[in-house]
Amino acid sequence: MTRARDLGDFIADGAAPELVVDTTTLVVDSTNNRVGIGTASPSQALEVTGTAKLATVDIDAGAIDGAVIGANSAAAVTATTLNASTKLQVNSTDVITNARQLSNIASIDATTAAAITAGGVGGGGTLSFTATGSISAGQVVGLRSDGTVEVISQSQSSTPTAEGTAEVSSNFYSFLASAYDSTNNKVVLAYTDQDASNYIYARAGAISGTTIVWESQILVQGITGEVGAAVYDPDQDRTLVFLKRTGTDNEIYVYGLDSSGTTVSSVGQIGNIQSQSNSNTYVAVYDTNANKTVFMVTTAIDTVTSFVCTLTSGNSLDIQNSGSTCSIGEGDNIFSWVGESPTAVFDSNSNKIIFMVTRSSNTYTYVAVGTVSGTSTTWAGTNNWMNNSWSYPDVAFDTNSNKFLVVYRHSDDSLRANVGSLSGTTVTFSSQQTIDSNTSSHYPAIAFDSNTNRFFITYRVHTSNNGVALFGTISGSTASFSSTTTFSTSNYLFHPPNPTFLHYDDNAQKAVVVYRVSDNDYHGTVLSGTTTNVSTWIGIAAEAISNGASGDITILGGVNENQSSLTINTVYYAQPAGGIGTTSQDYKVGRAISATKLLITEGNA
């Protein structure tokens with residue numbers, strides 16, 4: 001202001017900026033009540049164009065628009081006081097809350113993610129491990145005792161491994177039958193409880209890890225009776241129980257069980273076969289081709305007869321197209337004489353039933369082949385294939401070789417086995433093979449392991465009364481047998497003569513044997529035919545790692561991107577044989593978020 005007109009401009013007349021210093025260095029606009037620094041026309045109350053250095057800024061309200069904090073300085077931005085409204089927002093969304101928490105962070109770059117993982121922040125994602133053996137990207141790995149990782153895998157054991165044993169009950173079951181529910185992966189038991197008025201009860205058990213967990217029992221029938229046979233109908237998800245109702249008329253009654261819930265439930269009495277038969281002659285199999293149950297029994301008129309049972313709607317049973325009640329004469333005759341110690345198996349290759357039984361009058365053992373058509377069974381190929389009697393026979397079908405193996409106690413008291421094969425309606429048996437030559441070894445049972453294509457076989461050793469298990473493998477027309485493993489030293493006493501008490505669980509890939517011990521309690525023992533390191537799983541390989549090299553493993557909280565053909569939003573489990581799958585197992589891994597990406601949601605502690 002060196003001249004008079006400069007002073008005039010400074011006087012607030014509203015015509016133009018009243019104070020101008022060096023054009024844009026400082027401008028005061030009294031008309032709009034604005035101050036500009038570095039600009040001749042400020043648009044805000046205070047507008048600074050260029051860089052400003054402020055020792056302290058106290059913002060009581062409002063927002064900072066377009067600011068670059070720390071662009072020209074290494075100094076940190078600090079706040080000496082935080083109050084309830086202090087936070088950092090981006091587009092009106094909190095990113096740092098007043099509790100000093102990150103919030104609504106959509107993504108981070110790879111460098112930041114690696115830094116977070118390396119710093120041990122956030123609870124997981126990816127860690128580096130040294131490999132023992134070569135590992136491919138996407139394989140499930142386990143942690144070894146030396147701190148290295150290896151691929152989860154499974155191998156066959158040379159003899160069965162006895163795992164956990166669980167008591168079914170301390171009550172005395174005098175008659176008992178069992179079936180395997182392949183839909184719900186349970187062993188279903190039906191039994192006469194001698195300590196509960198000889199009424200009929202039922203319960204189920206499922207393999208969990210290395211043991212079997214038994215559910216609470218339920219009352220099936222409040223009338224005295226003898227359970228003779230049980231079979232599972234996978235088409236209707238029901239177990240059919242055949243029993244002799246000794247408290248009324250001694251006839252055969254059929255009850256239905258539903259084991260889909262947390263405990264078994266009874267659908268009640270659904271059928272009646274009007275024959276006063278010995279419950280030790282009951283045997284039943286399920287025909288997976290016809291979706292029907294075939295029940296075979298020695299009748300009150302001294303014939304061996306079969307009855308086709310068709311279940312619909314879960315609780316409606318038709319027997320031989322005669323409704324829910326059927327007479328002996330409406331059944332299909334197999335043999336016109338009294339039979340003892342029957343056993344039967346369904347040949348899923350030929351869709352036929354193979355039935356074997358000892359004839360009481362001459363103590364020879366016979367075979368017959370049945371074909372279900374509609375509501376009846378045609379029997380053919382009947383002949384006596386062994387000129388000896390047997391007791392406690394059991395049989396299972398090998399879906400790999402399409403042959404069956406029958407085990408039994410021979411009339412000379414040794415334990416023996418025969419391989420059988422079916423062609424048309426003719427059964428050919430191999431020569432007898434001895435499993436145990438000790439006299440009075442007893443109670444053989446058999447189940448086929450479809451995972452390793454071997455049979456589990458269990459029995460009681462006469463010299464020690466121990467329960468033992470072994471493997472049987474069909475090769476050609478003969479079978480080979482492994483050494484035995486002891487699974488019970490509790491004086492393995494008994495199981496009823498005809499029903500099967502050894503079942504293979506395809507889901508757990510283990511077997512369960514049920515048996516009575518010296519104090520009359522029933523036990524269930526889990527048997528395994530393989531060894532696996534799945535219990536050590538820790539994560540999934542994020543890259544290929546050579547033996548002895550180090551590489552990244554996706555762990556809890558991380559996303560493995562080396563998968564294929566996943567179903568989005570589906571839970572995946574570590575499988576005993578390696579890899580991941582949707583089959584429920586003991587170790588849950590995570591959830592698929594795309595066809596190739598798995599979010600690891602579970603740890604293994």
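Note that the coordinates shown come from a computational prediction; the quantities given were computed from them, not determined experimentally.
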- Query: For Ser348 and Phe397, which heavy atoms make the closest approach, and how far apart are they?
  - Reply: OG-CE2, 3.5 Å
- Under the 3.5 angstrom rule, does the side chain of Thr192 hit a backbone N or O of Asn198 as a donor-acceptor pair? no
- Where at least one partner belongs to residues 194-248, residue pairs that pass ring pair (Phe, Tyr, Trp, His ring centres under 6.0 Å), sequence neighbours excluded: Phe242-Phe295
- Item | Taking every non-hydrogen atom, the tightest pair across Phe481 and Ala417 | CZ-CB, 3.9 Å
- Item | Short side-chain to backbone donor-acceptor contact, Asn272 and Tyr253, under 3.5 Å | no
- Can you check whether Ser327's main-chain N or O pairs, donor with acceptor, with Glu330's side chain at less than 3.5 Å? yes
- Message: Looking only at side-chain N and O atoms, does Thr358 offer a donor or acceptor that is under 3.5 Å from a partner on Ser341?
- Response: no
- Residue pairs involving residues 346-374 (criterion salt bridge (Lys or Arg N to Asp or Glu O under 4.0 Å); sequence neighbours excluded): none
Please tabulate, for the side chains in residues 202-213, all donor-acceptor contacts under 3.5 angstrom to protein atoms that are two or more places apart in sequence or on a different chain.
| from | atom 1 | to | atom 2 | distance (Å) |
| --- | --- | --- | --- | --- |
| Arg203 | NE | Tyr191 | OH | 3.2 |
| Arg203 | NH1 | Glu215 | O | 3.0 |
| Arg203 | NH2 | Gln217 | OE1 | 3.3 |

- Task: Ignoring hydrogens and angles, tell me if any N or O in the side chain of Thr239 forms a donor-acceptor pair with the backbone of Val231 under 3.5 Å.
- Result: no
- Any chance you could lay out the side-chain contact (heavy atoms from CB on, under 4.5 Å) test for Ser260 and Asp237, step after step, and finish with the verdict? CA-CA 8 Å; Ser260 60; Asp237 190 19; 3.8 Å; yes
- Task: Taking all heavy atoms of Ala229 and all of Tyr282, pick out the closest pair and write down the distance.
- Result: CB-CB, 3.9 Å
- Query: His503 and Ser178: side-chain donor and acceptor closer than 3.5 Å?
  - Reply: yes
- Message: As a quick check of understanding, evaluate side-chain contact (heavy atoms from CB on, under 4.5 Å) for Ile353 and Trp379, giving each step before the final call.
- Response: CA-CA 9 Å; Ile353 296 166; Trp379 294 95; 4.1 Å; yes
- Query: Between Asp332, Thr377, Thr375, which is the residue that forms a side-chain hydrogen bond (donor to acceptor under 3.5 Å, both in side chains) with Gln320?
  - Reply: Asp332
- Can you find a pair of side-chain heavy atoms, one from Gln154 and one from Gln575, that are under 4.5 Å apart? no
- Message: Within this structure, what is the CG-CZ distance for the pair Leu189 and Phe501, rounded to the nearest 0.5 Å?
- Response: 8.0 Å
- Task: For Thr452 and Asp449, test the side chains for any donor-to-acceptor distance below 3.5 angstrom and give the result as yes or no.
- Result: yes
- Query: Just by distance, with hydrogens left out, do Tyr459 and Asp436 show a side-chain donor and acceptor under 3.5 Å apart?
  - Reply: yes
- Taking the six-membered ring for Trp, is the centroid-to-centroid distance between Tyr392 and His442 below 6.0 Å? yes
- Message: Side chains of Leu527 and Phe487, heavy atoms from C-beta outward: is any pair under 4.5 Å?
- Response: yes
- Message: Using 0.5 Å steps for rounding, measure from the NE2 atom of His462 to the CG atom of Asn438.
- Response: 7.5 Å
- Message: Can you confirm whether Phe355 sits close enough to Val285 that some side-chain heavy atom of one is under 4.5 Å from a side-chain heavy atom of the other?
- Response: no
- With no hydrogens and no angle check, is any side-chain donor or acceptor of Asn383 less than 3.5 Å from a backbone partner on Gly381? yes
- Task: Taking all non-hydrogen atoms of both residues into account, name the closest pair between Ala344 and Met296 and its distance.
- Result: CB-CE, 4.0 Å
- Would you confirm whether Gln274, through its side chain, and Glu251, through its main-chain N or O, come within 3.5 Å as a donor-acceptor pair? no
- Hey, could you give me each pair passing salt bridge (Lys or Arg N to Asp or Glu O under 4.0 Å) that has a residue in residues 160-170? Not counting sequence neighbours. Glu163-Lys510
- Would you say the side chain of Met356 lies within less than 4.5 Å of the side chain of Phe429, judging by non-hydrogen atoms? yes
- For Ser421 and Lys403, test the side chains for any donor-to-acceptor distance below 3.5 angstrom and give the result as yes or no. no
- Decide yes or no on side-chain contact (heavy atoms from CB on, under 4.5 Å) for Val367 and Thr382, but give the supporting numbers first. CA-CA 5 Å; Val367 65; Thr382 55; over 6 Å; no
- Query: Looking at Asp506, Asn400, Thr399, Asp398, which hits side-chain hydrogen bond (donor to acceptor under 3.5 Å, both in side chains) with Ser450?
  - Reply: Asp506
- Does the ring-ring contact (aromatic ring centres under 6.0 Å, His included) test come out yes or no for Tyr366 and Trp337, once each step is laid out? CA-CA 11 Å; Tyr366 289 72; Trp337 36 255; 5.0 Å; yes
- Query: Residues in salt bridge (charged side-chain N to carboxylate O under 4.0 Å, His left out) with Arg591, at least two apart?
  - Reply: none
- How many angstroms lie between SG in Cys309 and CD1 in Ile273, if you round to the nearest 0.5 Å? 5.0 Å
- Query: If you take all heavy atoms of Asp181 and Ser259, which pair is closest and at what distance?
  - Reply: OD2-OG, 2.5 Å
- Item | Within-4.5 Å side-chain heavy-atom neighbours: Ile218 and Ser266 | yes
- Query: Do Thr325 and Ile319 have side-chain heavy atoms sitting under 4.5 Å apart?
  - Reply: no
- Query: Regarding Ser277 and Thr281, is there a side-chain donor-to-acceptor distance under 3.5 Å anywhere?
  - Reply: no
- Query: Is the closest side-chain heavy-atom distance between Tyr255 and Ile270 below 4.5 Å?
  - Reply: no
- Query: Testing Arg516, Arg409, Arg460 for side chain to side chain contact (heavy atoms under 4.5 Å, CB included) with Tyr443, which one passes?
  - Reply: Arg460
- Message: Applying salt bridge (charged side-chain N to carboxylate O under 4.0 Å, His left out), can you list everything that pairs with Asp195, at least two apart in sequence or on another chain?
- Response: none
- Item | Gap separating the CG atom of Asp505 from the NZ atom of Lys186, nearest 0.5 angstrom | 12.0 Å
- Side-chain heavy atoms of Phe307 within contact of Val294, under 4.5 Å: no
- Query: Roughly how far apart are Asn604 CG and Lys588 NZ, rounded to 0.5 Å?
  - Reply: 13.5 Å
- Message: Can a donor-acceptor pair be found, under 3.5 Å and without considering hydrogens, that links the side chain of Ser313 to the backbone of Asn315?
- Response: no
- Task: Check whether any side-chain N or O of Asn520 sits under 3.5 Å from a backbone N or O of Tyr173 as a donor-acceptor pair, and report yes or no.
- Result: no
- Query: Could you go step by step and tell me if Tyr180 and Tyr504 meet the ring-ring contact (aromatic ring centres under 6.0 Å, His included) rule?
  - Reply: CA-CA 8 Å; Tyr180 177 65; Tyr504 182 72; 8.2 Å; no
- Quick one: OG on Ser411 to CE on Met386, what's the gap to the nearest 0.5 Å? 7.0 Å
- Query: Which atoms form the tightest heavy-atom contact between Thr365 and Ser389, and what is the distance?
  - Reply: OG1-CA, 3.8 Å
- Task: Apply the test side-chain contact (heavy atoms from CB on, under 4.5 Å) to residues Gln432 and His410: give CA-CA distance (whole Å), side-chain angles for both, the deciding distance (0.1 Å), then the verdict.
- Result: CA-CA 10 Å; Gln432 294 178 8; His410 191 267; 3.7 Å; yes
- Message: We want to know whether Ser528 and Thr161 form a side-chain donor-acceptor pair, criterion being a heavy-atom distance below 3.5 angstrom.
- Response: no
